[in-house]
Amino acid sequence: MREKLEALRDEALEKVKQAEDKKALQEVRVAYLGKKGPITEVLRGMGKLSAEERPVIGQMANDVRDVIKEQVDSKESALEEAAIEAQLASESIDVTLPGRPVQAGSTHPLTAVVEEVEDAFIGLGFSVAEGPEIETDYYNFEALNLPKDHPARDMQDSFYFTEELLLRTHTSPVQARTMERYQGKGPVKVICPGKVFRRDDDDATHSHQFMQIEGLYVDENVRMSDLKGVLETFAKSFFGAEREIRLRPSFFPFTEPSVEVDVSCGMCGGHGCRICKHSGWIEVLGAGMVHPRVLEMSGFDSTKYSGFAFGMGVERLAMLKYDIDDIRHFYTNDVRFLAQFKRN
Ligand code: PHE
């Protein structure tokens, strides 16, 4: 019996040693320590032993069982540890390898200009208003003192859907819409950026679709000097502190008086060069004092309120600021162009 137990023990320990994975180990455990295993069998057969032998063999069988169990357990934790080690090794990252470059986009130059203009005017107390790109004839023209068949409508060739619906030709309809919302009570102080559409043939300086930013300030005692001051402040913040502006008389049906606003040429400092066609000045926007009829049509008492308005082309501002020579660059989405406007 003694020899049999010793042989069993040696055999089991040898198998534990040979077990290469948890599955093999589990088989050893079941085979030697299980209910149907040889040691259980020995213990079961104890009744046949003599009274002296029984405790000795019993003790021995228990010892053999304990030794096998201990070896199986320790081999099992060794195998588990080895598995974790192997997994860690296979998942390790070489942090010294160079990374793959991430292609980040950049703000479109038109968006950047709109945001910069917005920031400049928000700093002067304006807020941002928006209106629809598909506009009614009323807001695009009539509410701006351009009745049907008015010859000045020809200044802005339009895309019509129906007699009454068109793609807006300028952002000025947002003036009328905003004033209506204020129901005759000032102050109104908004800028309105957005897309506009005109039936133009596309070339280096024309596009059938472009962007404008409208400005409107209506309050008691708003004067032309306020217009000039606001635009001068804006021009210096947008183009540079050394730049000057000048106003030239012009005509718009919705403002009276109306002006074109020029900014001194940044290339030659106003002395005259190819960029400013030797005038020293570059035209940047249209403006004027809101026509009393426009105020009245949008519900403001023109004997109490006055105001100024201006409208500028975003592409034109961007072309002047970044020295871009073709308006079509803004729409063709060539990344070699766009990537130049990355802000760091
Ligand atoms: N809406 C005019 C245009 O598109 C610009 C403008 C706006 C002029 C406001 C005067 C006042 O040409």
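Counting convention: from 1, in listed order, for ligands and their atoms alike. Values in this document were obtained by computation on a predicted structure and should not be read as measured data.
- Salt bridge status for K22 with E80: present, with a side-chain N to carboxylate O gap under 4.0 Å.
- One distance of note links CG of D325 with OG1 of T205; it measures 11.0 Å at 0.5 Å rounding.
- Between S172 and E214, the side chains place a donor N or O and an acceptor N or O closer than 3.5 Å (distance only, hydrogens not considered).
- With side-chain heavy atoms closer than 4.5 Å counting as contact, directly or through intermediates, the hydrophobic cluster containing Y138 also holds Y139, M297.
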Any protein N or O within less than 3.5 Å of an N or O in ligand 1? List each pair with its distance, or say none.
from	atom 1	to	atom 2	distance (Å)
ligand 1	1 (N)	H170	ND1	3.0
ligand 1	1 (N)	S172	OG	2.9
ligand 1	4 (O)	R198	NH2	2.9
ligand 1	4 (O)	Q212	NE2	2.9

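- Using the six-membered ring where Trp is involved, H170 and F141 have ring planes that are tilted, between 30° and 60° apart.
- A parallel orientation is assigned to the rings of H329 and F337, their planes being inclined by less than 30° (bins at 30° and 60°).
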